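Letters A, B, ... mirror the listed sequences (proteins, then strands); counts begin at 1. Since this is a predicted model, take the numbers as computed values, not measurements.
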Amino acid sequence: MAKEITPRTEDYSAWYNDIVKKAHLAENSPVKGCMIIKPHGFAVWELMRDALDVMFKKTGHVNAYFPLLIPKSFLSKEAQHVDGFAKECAVVTHHRLMNDPNGGGVVVDPTAKLEEELIIRPTSETIIWDTYRNWIQSYRDLPLLINQWANVMRWEMRTRPFLRTTEFLWQEGHTAHATREEAVQETLQMLDVYAEFAEQYMAMPVIKGVKTPNERFAGAEDTYCIEALMQDGKALQAGTSHFLGQNFAKAFDVTFLSKENQREHVWATSWGVSTRLVGGLIMTHSDDEGLVLPPKLAPTQVVIVPIPTAQAEVNEVAEKIMRELKDKGITVKYDTDDTKRAGYKFAEYELRGMPVRIAIGKRDIENNVVEVARRDTREKSSISLDNIGDSIQQLLIDIQANLFNKAKQYLDEHITRADNFDDFVDILENKTGFISAHWDGTTETEEAIKEKTKATIRCIPLDNEKEDGVCILTGKPSSQRVLFAKAY
RNA sequence: CGGGGCGUAGCGCAGUCCGGUUAGCGCACCUGCUUUGGGAGCAGGGGGUCGUGAGUUCGAAUCCCACCGCCCCGACCA
């Protein structure tokens with residue numbers, strides 16, 4: 001084995017880094033915390049982006065683009081917002097470099113200082129609401145349903161590829177509505193879109209919930225989220241949808257005249273998912289052999305490997321299979337590279353997460369079969385060349401379903417009830433995963449539990465049943481359980 | 001910003017303690033031949049400001065001083 005991957009049981013974090021590197025998803029950049037997304041990693045993100053974009057458009061949204069640079073003064077207009085983001089903003093202070101008079105290369109030209117400093121967007125609420133003020137006059141201009149695909153920058157102290165990088169790619173939806181009810185409905189609709197995408201495309205089951213005030217987005221009235229569970233028992237916030245109330249409308253003075261000729265502030269939402277999803281995808285399905293991709297997010301779903309190398313009769317069969325698969329909309333690659341051996345290719349495609357591999361040799365052709373290997377279970381079987389298109393199509397469906405079911409079972413088995421603090425700690429440390437427990441509803445208690453255990457409240461599930469109980473820490477009365485976990 | 005570790009070929013490392021031929025190994029790369037149903041074998045070959053600067057010395061990857069950078073662990077967070 002030329003490319004060892006650290007086993008998950010030995011060091012989960014090293015395993016994750018190995019997958020990112022060895023599956024050619026991304027590599028480190030010269031700038032700390034940033035990442036170079038390589039073609040294979042970017043192809044996965046593109047598939048995510050394209051699927052989500054279709055879903056956004058189906059729900060009535062259009063795309064636009066707002067600038068990377070934001071006047072510093074904008075950030076301070078919404079008090080909560082500035083609290084949340086000010087300490088992680090990159091700031092542009094100058095607009096020119098010059099040769100160092102002392103011969104030390106280029107230096108910042110001190111005469112090129114900006115009058116108003118600019119910040120690199122950590123999110124775009126401020127510039128968008130500043131713009132919306134001019135776009136919205138009347139109830140006839142509403143709702144305004146806009147999304148943008150962009151990069152943003154948050155100067156985090158500690159970064160990990162895809163999961164938390166200084167610069168990341170994402171989409172941010174920003175909508176304006178005439179009524180509170182409509183904005184809340186939009187917030188929940190987009191949460192549903194995210195949940196559907198996570199489960200149907202990523203095969204990653206999620207829990208829909210609402211954040212506690214403590215975990216809420218800076219400037220939101222309510223933050224809804226989808227939470228997923230990674231293989232190591234830690235939770236991952238995979239997407240958020242915020243009901244912003246009238247906070248930004250008031251901060252940026254965005255008003256409209258209602259049918260009744262009343263001037264009112266608009267109601268707002270924002271919602272986003274990022275390249276973090278790629279990290280979630282990795283940690284939901286992959287194994288010690290490498291990346292495992294669900295067929296719907298695999299840049300290439302099927303690879304055909306000739307054995308030993310491409311020969312006339314193998315080519316003929318391969319071409320026929322490719323035609324059949326392409327007709328069914330399956331992406332397929334015929335690897336005719338004769339500088340690599342079959343065994344090398346097998347290992348390499350497994351590392352990269354290719355869902356299905358077809359091997360064709362003389363022996364197979366004589367028997368009118370091909371060898372089909374599925375990445376999710378690593379099982380190999382001989383499949384008849386007759387109706388190969390249908391067989392492979394069904395196999396891809398099975399793999400997609402199997403990945404989801406496995407992940408769903410893992411999630412279901414790792415939501416554990418705890419009714420006292422000792423059990424809580426025991427489950428958190430030994431079983432891991434989500435813990436469903438009573439909480440007295442105060443930020444103080446939430447912080448105290450975090451302090452003692454590192455676990456945070458991930459969300460209050462939307463489908464929560466009301467149930468009287470007592471807080472696991474304080475013993476005070478509680479009306480429902482909430483989900484705790486250690487989180488990424 | 002605290003604690004720990006590390007900078008030597010594209011990657012991973014040895015050599016540094018105890019200074020001394022032409023700085024070495026594995027992978028990768030190039031050429032040729034033989035191979036080819038799970039990361040091929042043999043032979044040959046190319047590739048180095050030893051992180052940077054300034055010292056000590058006849059001589060520095062190795063010793064001294066300063067600086068720079070990176071990684072891991074914590075505090076912050078999607």
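Residue A:K234 contributes atom NZ, which lies 15 Å from atom P of B:C77 at whole-angstrom precision. The distance between atom CD1 of A:I36 and atom P of B:C70, rounded to the nearest whole Å, is 14 Å. Taking atom CD of residue A:E27 and atom C1' of nucleotide B:C70, one finds them 15 Å apart after rounding to whole Å. Atom P of nucleotide B:A78 and atom CZ of A:R154 are separated by 7 Å, given to the nearest angstrom. Rounded to a whole Å, the CE atom of A:M35 is 17 Å from the P atom of B:A78. Atom P of nucleotide B:G12 and atom NZ of A:K21 are separated by 6 Å, given to the nearest angstrom. As rounded to whole Å, 16 Å separates atom P of B:A78 from atom CE of A:M283. As a whole-Å value, the separation of A:K22 NZ from B:A28 P is 13 Å.
Of all nucleotides present, none satisfies the Watson-Crick or G-U wobble test against B:U16 with each distance under 3.5 Å. B:U62 is unpaired under the criterion used here, namely a Watson-Crick or G-U wobble arrangement in which both key atom distances are under 3.5 Å. With both pairing distances under 3.5 Å, B:A28 is matched to nothing as a Watson-Crick or G-U wobble pair. Look at B:G47: it lacks any Watson-Crick or wobble partner with both distances under 3.5 angstrom. Across all strands shown, the partner of B:G69 is B:C6, judged by Watson-Crick or G-U wobble contacts whose two distances both fall under 3.5 Å. Using the Watson-Crick or G-U wobble rule with both distances under 3.5 Å, B:G74 pairs with B:C1. When both pairing distances are held under 3.5 Å, B:A40 makes a Watson-Crick or G-U pair with B:U34.
Scanning atom types as modelled, one donor and one acceptor separated by under 3.5 angstrom connect the side chain of A:K380 and the base of B:G38.
For the P atoms, the distance from B:G20 to B:G44 is 29 Å, rounded to whole Å. Annotation: B:U34 and B:G26 have their P atoms spaced 25 Å apart (nearest Å). Across B:C76 and B:C1, the matching C1' atoms stand 12 Å from one another, rounded to whole Å. Rounded to a whole angstrom, the distance from the P atom of B:C72 to that of B:A28 is 27 Å. Taking the C1' atoms as reference points, B:C71 lies 27 Å from B:C63, given to the whole Å. B:G37 and B:G41 have their P atoms separated by 12 Å, given to the nearest Å. B:G53 and B:C68 have their P atoms separated by 15 Å, given to the nearest Å. Nucleotides B:G19 and B:A60 have their C1' atoms positioned 6 Å apart, rounded to a whole Å.
Checking A:E167 against A:G343, the closest nucleotide of RNA chain B that is more toward the 5' end is the one next to A:G343. Both A:F346 and A:F162 lie close to RNA chain B; mapped to their nearest nucleotides by heavy-atom distance, the more 5′-ward contact belongs to A:F346.
Within the structure, every pair that satisfies the salt bridge (Lys or Arg N to Asp or Glu O under 4.0 Å) test and touches residues 191-216 of chain A, not counting sequence neighbours, is listed here: A:D192-A:K208, A:K211-A:E227, A:E215-A:R458, A:R216-A:D222.
Counting non-hydrogen atoms under 4.0 angstrom, A:L236 reaches nothing in the nucleic acid. Within the 4.0 angstrom heavy-atom criterion, no nucleotide atom of any strand lies near A:F217. Nucleic acid contact class of A:E156 (heavy atoms, under 4.0 Å, all strands): base. Counting non-hydrogen atoms under 4.0 angstrom, A:R357 reaches a base of the nucleic acid. Within the 4.0 angstrom heavy-atom criterion, no nucleotide atom of any strand lies near A:N28. Nucleic acid contact for A:T165: base, since at least one base atom lies under 4.0 Å from a heavy atom of the residue.
Donor-acceptor pairing under 3.5 Å is lacking for the side chains of A:E221 and A:N247. A:D232 and A:W15 share no side-chain donor-acceptor pair at under 3.5 Å. If you check the side chains of A:S270 and A:H174, you find no donor sitting under 3.5 Å from an acceptor. Judged purely by distance below 3.5 Å, without hydrogens or angles, the side chains of A:S13 and A:D11 never pair a donor atom with an acceptor atom.
Of the side-chain N and O atoms in A:R341, one or more sit less than 4.0 angstrom from OP1 or OP2 of B:G37. Within the 4.0 Å cut-off from OP1 or OP2 of B:C1, not a single side-chain nitrogen or oxygen of A:K87 is found. Here A:R164 does not reach the OP1 or OP2 of B:A78: none of its side-chain N or O atoms lies under 4.0 Å away.
If you check B:G38, B:A78, B:C73 against the side chain of A:R158, the one that comes closest is B:C73. Which of B:G39, B:C76, B:G37 sits closest to the side chain of A:M157 comes down to B:C76. For A:Q237, counting side-chain heavy atoms from C-beta on, the closest listed nucleotide (B:G39, B:G38, B:A78) is B:A78. Proximity note for A:S13 (side chain, C-beta onward) versus B:C77, B:C73, B:A75: the nearest is B:C73. Closest approach to the A:A347 side chain among B:G37, B:G39, B:A78 is made by B:G39 (side chain taken as heavy atoms from C-beta onward).
Taking the centre of each ring, A:H81 and A:W129 stay at or above the 6.0 Å mark.
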Could you go through residues 150-157 of chain A and list every donor-acceptor pair under 3.5 Å that involves a side-chain atom there, pairing it with any protein atom two or more places apart or in another chain?
unit_1: A:N151; atom_1: OD1; unit_2: A:R121; atom_2: NH2; d: 2.7
unit_1: A:N151; atom_1: ND2; unit_2: A:E167; atom_2: OE2; d: 2.9
unit_1: A:R154; atom_1: NE; unit_2: A:P122; atom_2: O; d: 2.7
unit_1: A:R154; atom_1: NH2; unit_2: A:P122; atom_2: O; d: 2.8

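Cation-pi geometry between A:R357 and A:F346 is met: the NZ or CZ atom falls under 6.0 Å from the ring centre, inside 45° of the normal.
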